[in-house]
S.K.: 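My questions will all concern the structure given below.
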Amino acid sequence: MIRRATILDANDIFNIGDSIFDDFLPLSFIEEELKNENSFWFVAIEDNQTIGFIGARVYDNTDILDIAVKNEYRKKGIGSLLLEEILKIKCGFVTLEVRVHNINAIRLYEKHGFKTILKRPNYYSNGDDAYYMIKE
Ligand SMILES: CC(C)(COP(=O)(O)OP(=O)(O)OC[C@H]1O[C@@H](n2cnc3c(N)ncnc32)[C@H](O)[C@@H]1OP(=O)(O)O)[C@@H](O)C(=O)NCCC(=O)NCCS
């Protein structure tokens with residue numbers, strides 16, 4: 001099941017993100033996001049637990065901040081379902097950054113019509129480069 005996240009989901013989102021990414025967003029940032037009316041976060045629930053999330057800011061355009069699915073629940077279409085929630089409410093272009101070596105995420109985005117338009121060198125704190133991807 002996919003549903004809109006509330007402030008009560010902040011800890012679960014943080015715990016999943018923090019276990020997957022080396023440089024995940026601080027809990028306080030996620031709490032502020034969940035209170036922001038222009039931020040749209042969704043969580044995936046299976047087996048009575050949160051197993052994934054996506055967050056995006058929707059202003060004149062839509063910027064996807066992060067998406068993640070717990071390892072044991074991947075490759076079952078959950079990432080696609082989360083992304084589709086943002087595509088339903090999107091405004092203008094949809095943009096995102098992704099590590100150039102993150103083949104799984106790049107394939108997910110390409111499958112949903114995103115195209116790489118430029119590379120951002122040293123975009124991440126560990127020096128990794130990012131692709132900037134866009135869906136019109
Ligand atoms: C990226 C991520 C969210 C995808 O979630 P998911 O639930 O596995 O995605 P889906 O099952 O919906 O897969 C959708 C498509 O993505 C691609 N894909 C996802 N995982 C893949 C893998 N291991 N190998 C190859 N392609 C993959 C495929 O094109 C797939 O479509 P298909 O099943 O029709 O072949 C997940 O791998 C993840 O959480 N990764 C770690 C966090 C991360 O890197 N987030 C992105 C930050 S920019």
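Sequential numbering from 1 along the given sequence is applied to the chain's residues. Remember, predicted model here, so these are calculated numbers, not experimental data. Start at 1 and go down the list; that is how both ligands and their atoms are numbered.
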S.K.: Can you give me every donor-acceptor pair (side chain of residues 129-136, partner residue at least two apart or in another chain, under 3.5 Å) with its distance?
M.R.:
{"from": "Asp129", "atom 1": "OD1", "to": "Asn122", "atom 2": "N", "distance (Å)": "2.9"}
{"from": "Lys135", "atom 1": "NZ", "to": "His112", "atom 2": "O", "distance (Å)": "3.0"}

S.K.: Only pairs at least two apart or in different chains count here, so list each ring-ring contact (aromatic ring centres under 6.0 Å, His included) that has a residue in residues 70-106.
M.R.: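 Residue pairs with at least one partner in residues 70-106: there are none.
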S.K.: Is Arg99 close enough and on-axis enough to Tyr124, meaning under 6.0 Å and within 45°, for cation-pi?
M.R.: yes
S.K.: Would the Phe53 and Phe24 ring centres measure less than 6.0 Å apart?
M.R.: yes
S.K.: Restricting to pairs with a member in residues 68-90, which pass salt bridge (charged side-chain N to carboxylate O under 4.0 Å, His left out), not counting sequence neighbours?
M.R.: Glu85-Lys88
S.K.: Note every protein N or O atom lying under 3.5 Å from an N or O atom of ligand 1, pairing the names and giving the distance.
M.R.:
{"from": "ligand 1", "atom 1": "7 (O)", "to": "Gly79", "atom 2": "N", "distance (Å)": "2.8"}
{"from": "ligand 1", "atom 1": "8 (O)", "to": "Lys75", "atom 2": "N", "distance (Å)": "2.8"}
{"from": "ligand 1", "atom 1": "11 (O)", "to": "Lys75", "atom 2": "N", "distance (Å)": "3.4"}
{"from": "ligand 1", "atom 1": "11 (O)", "to": "Lys76", "atom 2": "N", "distance (Å)": "3.2"}
{"from": "ligand 1", "atom 1": "11 (O)", "to": "Gly77", "atom 2": "N", "distance (Å)": "2.8"}
{"from": "ligand 1", "atom 1": "12 (O)", "to": "Ser80", "atom 2": "N", "distance (Å)": "2.9"}
{"from": "ligand 1", "atom 1": "12 (O)", "to": "Ser80", "atom 2": "OG", "distance (Å)": "2.9"}
{"from": "ligand 1", "atom 1": "16 (O)", "to": "Leu108", "atom 2": "N", "distance (Å)": "3.4"}
{"from": "ligand 1", "atom 1": "23 (N)", "to": "Asn104", "atom 2": "OD1", "distance (Å)": "3.2"}
{"from": "ligand 1", "atom 1": "23 (N)", "to": "Asn104", "atom 2": "ND2", "distance (Å)": "3.3"}
{"from": "ligand 1", "atom 1": "24 (N)", "to": "Asn104", "atom 2": "OD1", "distance (Å)": "3.2"}
{"from": "ligand 1", "atom 1": "31 (O)", "to": "Lys111", "atom 2": "NZ", "distance (Å)": "3.1"}
{"from": "ligand 1", "atom 1": "34 (O)", "to": "Lys111", "atom 2": "NZ", "distance (Å)": "2.7"}
{"from": "ligand 1", "atom 1": "39 (O)", "to": "Val69", "atom 2": "N", "distance (Å)": "2.8"}
{"from": "ligand 1", "atom 1": "39 (O)", "to": "Val69", "atom 2": "O", "distance (Å)": "3.2"}
{"from": "ligand 1", "atom 1": "39 (O)", "to": "Arg74", "atom 2": "NE", "distance (Å)": "3.4"}
{"from": "ligand 1", "atom 1": "44 (O)", "to": "Asn102", "atom 2": "ND2", "distance (Å)": "2.6"}
{"from": "ligand 1", "atom 1": "45 (N)", "to": "Ile67", "atom 2": "O", "distance (Å)": "2.8"}

S.K.: Would you give the length of the straight line joining atom CD1 of Ile54 to atom CD1 of Ile67, rounded to the nearest 0.5 angstrom?
M.R.: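 Reported to 0.5 Å precision, the distance equals 4.0 Å.
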